[in-house]
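For the numbers below, each heavy atom of this structure counts, side chains included, while hydrogens, waters and symmetry mates do not. Each chain gets a letter, A, B and so on, in the order the sequences are listed, and its residues count up from 1.
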Number of protein chains: 2
Amino acid sequence: MVTDEMGAVRTPGRPRSEKAEKAIIDATVEMIAEGSGVSELSIEAIAARAGVGKTTIYRRWANKEELVVDAMATLKAPIPEPGGVSARDDLVSFLAAILKETGHPRHRCIMNLAMSESERFPHLLERFREIAIQPRQAALRSLLRRGAQTGELRADIDVEVAMATLNGAMVYFTKWRDKDEVLSPDLPERIVDQVLTGLRP
Amino acid sequence: MVTDEMGAVRTPGRPRSEKAEKAIIDATVEMIAEGSGVSELSIEAIAARAGVGKTTIYRRWANKEELVVDAMATLKAPIPEPGGVSARDDLVSFLAAILKETGHPRHRCIMNLAMSESERFPHLLERFREIAIQPRQAALRSLLRRGAQTGELRADIDVEVAMATLNGAMVYFTKWRDKDEVLSPDLPERIVDQVLTGLRP
DNA sequence: AAATTTCGATACGGTGTAGTTTCGCAACGC
DNA sequence: GCGTTGCGAAACTACACCGTATCGAAATTT
């Protein structure tokens with residue numbers, strides 16, 4: 001018996017292939033990114049795409065949902081950087097980062113699942129909150145709090161509502177715009193400036 | 001050969017049953033409202049639920065997507081009433097109407113489809129825009145324009161961004177709140193007031 | 001070398017659905 | 001009454017996928 005560098009016991013026999021594991025998860029992520037819902041995802045298709053036997057999948061995951069959950073867990077939330085000069089600039093950068101992500105298939109993957117299937121797959125929803133929603137909410141919240149402290153924003157702002165308007169506006173544009181309507185790249189600025197300034201004269 | 005009151009030619013033989021047609025569409029809507037995605041909907045299940053032979057469905061619709069499209073077409077956009085005293089009140093009423101709808105299964109049906117499957121089913125997306133998005137956008141847009149005309153809002157507001165923040169904020173709360181977090185009923189007011197006032201001191 | 005475990009491949013029985021066809025009956029115009 | 005068409009029910013063929021089992025080869029410990 002042998003222990004690896006982590007101190008874990010290594011059992012005899014051929015070790016599990018990390019390459020296969022990665023290929024399986026990659027295939028899963030790709031297929032979701034291409035628009036497959038969880039229910040359309042078949043183990044057979046994943047195995048074929050990953051160039052792997054079905055056995056290799058079943059040996060590692062008990063069911064589809066767990067595989068998808070693990071696949072999502074590999075998609076790290078890209079850290080939105082807080083380090084700007086003003087709250088306004090930080091907010092613009094934050095929204096710009098989100099806008100940029102939506103073009104990336106990996107995060108379209110997260111989005112698709114979040115929007116559609118989270119209701120039917122509770123574990124998935126849980127993991128999704130953890131990976132995608134909460135980090136961003138936390139970042140945005142601290143941005144707003146800091147702005148309120150420095151006096152750039154009112155001290156009594158409703159942070160949750162502010163988060164909803166900013167974040168919601170981006171989602172609205174990226175998900176519900178007309179099919180071939182182009183997103184103007186200054187969207188983040190327009191949104192932030194309007195939210196900061198308000199609509200009243 | 002006979003013509004009905006619309007002047008259309010009535011072919012010989014037994015006429016198609018409107019009752020069956022309604023039952024089919026109702027069953028479809030119900031199942032979607034309960035969380036079925038388009039791909040999970042089976043013609044067989046619809047037929048069984050509607051108390052109808054599969055033949056009766058296939059005779060009318062060539063495929064599932066067309067059936068779903070027709071089913072959605074029966075869900076009228078509930079007219080958001082414009083007749084308030086101030087732009088602020090109108091906006092609050094508008095958001096309140098949307099909030100109320102989200103509790104209603106029929107509109108959860110629309111929402112679910114819109115969020116999830118619209119990318120994969122272009123006809124569906126098209127119809128969804130027509131039924132759900134465009135009427136609301138139009139109503140909200142005219143509300144904002146009117147507010148700008150009366151001077152209650154600035155004359156130079158970015159209407160599209162304003163729509164996105166208001167509408168997006170509601171969607172954000174209704175879709176992405178924590179599972180058992182309750183929606184405070186004054187949400188529409190909080191959103192509208194913040195969007196109108198802005199975040200700056 | 002022997003034992004053990006995983007690998008990809010393939011095959012298997014079982015289930016669910018698609019879409020078609022057939023049946024006997026019902027509803028309509030002629 | 002007759003011809004036509006729609007009706008619900010059932011049977012049918014054809015897949016796709018599930019989850020398991022089996023295979024010979026490969027990788028690793030003992």
Completion exercise
Sorted by chain and number, sequence neighbours left out, salt bridge (charged side-chain N to carboxylate O under 4.0 Å, His left out) with B:E65 holds for none
Using whole Å, report how far [atom1] of [X] lies from [atom2] of [N].
X     : N      : atom1 : atom2 : result
A:Y58 : C:dG8  : OH    : P     : 15 Å
B:K64 : C:dT17 : NZ    : C1'   : 9 Å
B:L41 : C:dG16 : CG    : C1'   : 15 Å
B:L67 : C:dA18 : CG    : P     : 11 Å
A:W61 : D:dG19 : CH2   : C1'   : 17 Å
A:I57 : C:dC7  : CD1   : C1'   : 13 Å
B:I43 : C:dG16 : CD1   : C1'   : 14 Å
B:I46 : C:dA18 : CD1   : C1'   : 13 Å

Completion exercise
With B for base contact, S for sugar-phosphate-only contact and - for none (protein heavy atoms under 4.0 Å), nucleotides 1-6 of chain C reads ---BBB
Problem - nucleotides 11-16 of chain D: protein proximity per nucleotide (B base, S sugar-phosphate only, - neither; heavy atom, under 4.0 Å) - result: ------
Exercise for the section: With DNA chain D as reference, determine whether A:N63 or B:G53 sits nearer its 5' end, using the nearest nucleotide of each. Expected result: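 Counting from the 5' end, the first nearest nucleotide belongs to B:G53.
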Handout entry: Residue pairs fulfilling salt bridge (Lys or Arg N to Asp or Glu O under 4.0 Å) with at least one residue in residues 32-42 of chain A, sequence neighbours excluded
Key =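 Non-adjacent pairs meeting salt bridge (Lys or Arg N to Asp or Glu O under 4.0 Å): A:E34-A:R49, A:E40-B:R120.
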Practice task
Only pairs at least two apart or in different chains count here, so list each salt bridge (Lys or Arg N to Asp or Glu O under 4.0 Å) that has a residue in residues 156-165 of chain B.
Solution key: A:R190-B:D158, B:R141-B:E160, B:R154-B:D156
Report the residues that fulfil side-chain hydrogen bond (donor to acceptor under 3.5 Å, both in side chains) with [X], sequence neighbours left out, ordered by chain and then residue number.
X      : result
B:R59  : none
B:R200 : none
B:E189 : none

Practice task
Would you give the length of the straight line joining atom CG of A:L143 to atom CZ of A:R136, rounded to the nearest 0.5 angstrom?
Solution key: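 Atom-to-atom, A:L143:CG and A:R136:CZ are 14.0 Å apart.
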Handout entry: Beyond-backbone contact of B:D193 with A:V161, side-chain heavy atoms, under 4.5 angstrom
Key = no
Exercise for the section: Using the test ring pair (Phe, Tyr, Trp, His ring centres under 6.0 Å), find all partners of A:F173 that sit at least two apart in sequence or belong to another chain. Expected result: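 Counting only residues at least two positions away or on another chain, A:F173 forms no ring pair (Phe, Tyr, Trp, His ring centres under 6.0 Å).
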